[in-house]
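Here is the structure we will look at, set down as structure tokens.
Atoms within a ligand are numbered from 1 in the order they appear, just like the ligands themselves. These numbers come from a predicted model, not from an experiment.
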Amino acid sequence: MIDLHCHILPGIDDGANNLEDSIHMANVAVSSGITHILCTPHHNNGTYRNPKYDVIQHVAALQKELDNREIPLTLFEGQEVRITGELLQDIDQDNILFADIDDQYLLIEFPSNDVPAFTEKLFFELLSHEITPIIVHPERNSVFIDDPNKIIPFLEMGVLSQMTAPSYVGTFGKKIQKTAKIMLEHNLVHMVASDAHNIERRSFYMKEAYELMEKEFGYEKVESFKQVAKEIINGDTVKVPEPIGVKKNRFSLFK
Ligand code: FE
């Protein structure tokens, strides 16, 4: 299993506090069937700045620790980039890490309660530079919780979106779980990742999410999600199903 979103690097954001935590997370990941992790510390979220070359060094150091302990886990360098007006500049200054080696897929985080007005223009700019934004955990954003259809214009531009496994399993509560399920049902999310921060409160739940997805949506959906994760990490072209509009009564129920 590939995990495309994880705060496993020690001491650089609100994920693993120290090396011991990171090793603990790595062991839990491996025992749940995860083989590859894209390390995605927060960048530019108002609290943390983790520019490209710092992350590269941290990943190399942690990979060495894993290898020394013979923990069979491969790490890749990435970032969870908060959407800001300075993003293009940050890319030009070579501060940004993508999900793939060819710099095509970029994990983008919105503030929890907002979809900034400049988003569409910025996404248009990124797409015109052949960069595909991946919106992370839309099911946890209050704008999309209130109206999941608000993500559709972005998806129609060619933007992708990534669900957090624990959301779907229910760790963040019923409302977020329900939104995750609606988004899955309507092709509003295209892949799943852990966004694990630790093993106590914010663990992986990837295996559990895929199991639930298989039960609710069938084996093919699970396989297609796993395939998307593989394509992204390899920098290949991703083909995803068309988004389906959510009928109002499906989400007005829990307002
Ligand atoms: Fe995250």
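- Of the N and O atoms on the side chains of Gln227 and Glu231, at least one donor lies less than 3.5 Å from an acceptor on the other residue.
- Of the residues Glu139, Glu216, Gln177, the one that meets the side chain to side chain donor-acceptor pair (under 3.5 Å) test with Tyr168 is Glu216.
- Using a 3.5 Å distance cut-off with no hydrogens or angles, the side chains of Asn198 and Asp21 do not pair a donor with an acceptor.
- Taking CG of Leu160 as the start and CG of Leu106 as the end, the distance is 11.5 Å to the nearest 0.5 Å.
- Side-chain atoms of Asn95 and His43 include no donor-acceptor pair closer than 3.5 Å.
- With waters neither drawn nor counted, the protein N/O/S atoms under 2.8 Å from the Fe ion (ligand 1) amount to 4.
- Side-chain atoms of His190 and Gln162 form no donor-acceptor pair, as typed in the model, at a separation below 3.5 Å.
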